[in-house]
There are 2 protein chains.
Amino acid sequence: MPRQVDHESRRRLIAEAVCRLAGEGGLEGVTLRDVATRAGVSMGAVQRCFRTKEEMLLFALRYVGDRVGERVRANLVRSPAQSAATALGHAATEVALLREEHRAEARVWLAFLAQAVVAESLGRVVRAGYAELSRNFVRLVAEAAPGADPEREARALLALADGLTVHVLIGHLTSGEAQDVLHGYVAGLWERCSAGGDAR
Amino acid sequence: MPRQVDHESRRRLIAEAVCRLAGEGGLEGVTLRDVATRAGVSMGAVQRCFRTKEEMLLFALRYVGDRVGERVRANLVRSPAQSAATALGHAATEVALLREEHRAEARVWLAFLAQAVVAESLGRVVRAGYAELSRNFVRLVAEAAPGADPEREARALLALADGLTVHVLIGHLTSGEAQDVLHGYVAGLWERCSAGGDAR
DNA sequence: CCTTATTCGATACACCTGCATCGCAACGTG
DNA sequence: CACGTTGCGATGCAGGTGTATCGAATAAGG
């Protein structure tokens, strides 16, 4: 067996090239040739790692999805140290990808999102990602705001975070404004249910 | 001057073909040839109406943006008859494009949105649309919830509506769940500020 | 009637796409 | 050391893309 290369690490290398390209020019700007160039390998290598372009995109999508999910989970495990409410705020901020250094990641995510609406294979992956996020959020909400309906509040928070991400990407909101909105919302949630019964 | 055709109506005809195609296969599935076929004209006619593809997409984007904005505005003018809070709910529901018959429009909008992040020309149009929506929402919030910070609440509501739209399109939420979240949020907003001061 | 301006449909063109193929180089094993 | 297996880079290929061009059909003005 000659020339054994670590396929998995190469796949990650290529996935990162995909992400950088998608962040710059959207998913339509992702070409096998450009990916190969950007990753510093030849087209043949890309073709050996992924039988087809769709397979490559699916891998890249899981790659970024996992990274975001991982960060949220990391936030969760060190949440006991903080109040559940602030943990919720941090998690939402994380999901909203508001920090400047995650802007590229957010662009990639939106590009995949738009494609996932019309491509069922991507849709499945995206849904799975959101399902896990949702579970985590429900848990956090139940802990932080025992009075409210956790399912609904979690859905609202997740949707709000995503909407804010999009609005920041578009340039309709600044990152600071979005953070302010998110912070205000979480504070309101905490206030509403610490006051007693569920809202509505 | 021979064979005078109504260019404007033909442009709208083509824009609708663009929307139908974008709703089915995303913006990448929009081809000049397919557009011409779908609109029932020849490629030459499309090229006479729009010098370039980008020009065509821009027109189509404004076309759907105007339609949504128009519906929101129509909701606004007949709002005096209803409470400002329910008017706000209706407007948000309208923006979220939750009704089944607007699902296609929502897909088109998301397709444009994703492209607008990386194409400045589309971005300007999208931002302009959101700016107008935002103004209307601020007015409604100020009327419905005098206690709260209208700017921030309007931003939150708009982002929430958009986020819900995306989650419904992806299949993470059903239309009913989204409507429930939206309704709950508006109710909470009303409750929070009718109780007195702004939240936080 | 003939000219002329305008629209339209078809086609040509250059380019780019994803995928398949093929020869060469690299390596562990006999 | 030879050898065969495996990876890889380059190139070929068929299809599709946006745009430019061109001839024909049409309808007004002289």
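Residue numbering restarts at 1 for every chain, and letters A, B, ... go by the order of the sequence lines.
The side chain of Arg10(B) has dC8(C) as its nearest neighbour among dT11(D), dC8(C), dT19(D). For Lys53(A), whose side chain is taken as the heavy atoms from C-beta onward, the closest listed nucleotide among dT19(D), dG18(C), dG7(D) is dG18(C). When the nucleotides dA10(D), dT7(C), dT11(C) are ranked by their closest atom to the side chain of Gln47(A), dA10(D) comes out on top.
A salt bridge between Arg38(B) and Glu24(B) is present, with a side-chain N of the basic residue lying under 4.0 Å from a carboxylate O of the acidic one. Taking 4.0 Å as the cut-off between side-chain N and carboxylate O, Arg135(A) and Glu151(A) do not count as a salt-bridged pair.
Here the rule is salt bridge (charged side-chain N to carboxylate O under 4.0 Å, His left out) with Glu94(A), and of Arg73(A), Arg99(A), Arg67(A) only Arg99(A) fits it.
Ring geometry for His172(A) against His167(A) counts as perpendicular: the plane angle is over 60°, on a 0 to 90° scale with 30° as the lower cut.
For an aromatic pair to be called close, the ring centres must be under 6.0 Å apart, and Tyr130(A) with Phe137(A) fails this.
Against DNA chain D, the stretch residues 24-34 of chain A makes heavy-atom approaches under 4.0 Å through Arg33(A).
Atom CD1 of residue Ile170(B) and atom CZ of residue Arg127(A) lie 7.5 Å apart, to the nearest 0.5 angstrom.
Rounded to an integer number of Å, the gap from Leu13(A) CG to dC8(D) C1' is 15 Å. For the pair Met43(B) CE and dA20(D) P, the computed distance is 11 Å after rounding to whole Å. When rounded to the nearest whole Å, the span between CE of Met56(B) and P of dT17(D) equals 12 Å. Here dC19(C) presents its P atom at 10 Å from CD of Glu55(A), a figure rounded to the nearest Å.
At the heavy-atom level, Arg51(A) lies nowhere under 4.0 Å from the strands shown.
The phosphate of dA10(C) (OP1 or OP2) has no side-chain N or O of Ser42(B) nearer than 4.0 angstrom. A sub-4.0 Å separation between OP1 or OP2 of dA10(C) and a side-chain N or O of Arg48(B) is absent.
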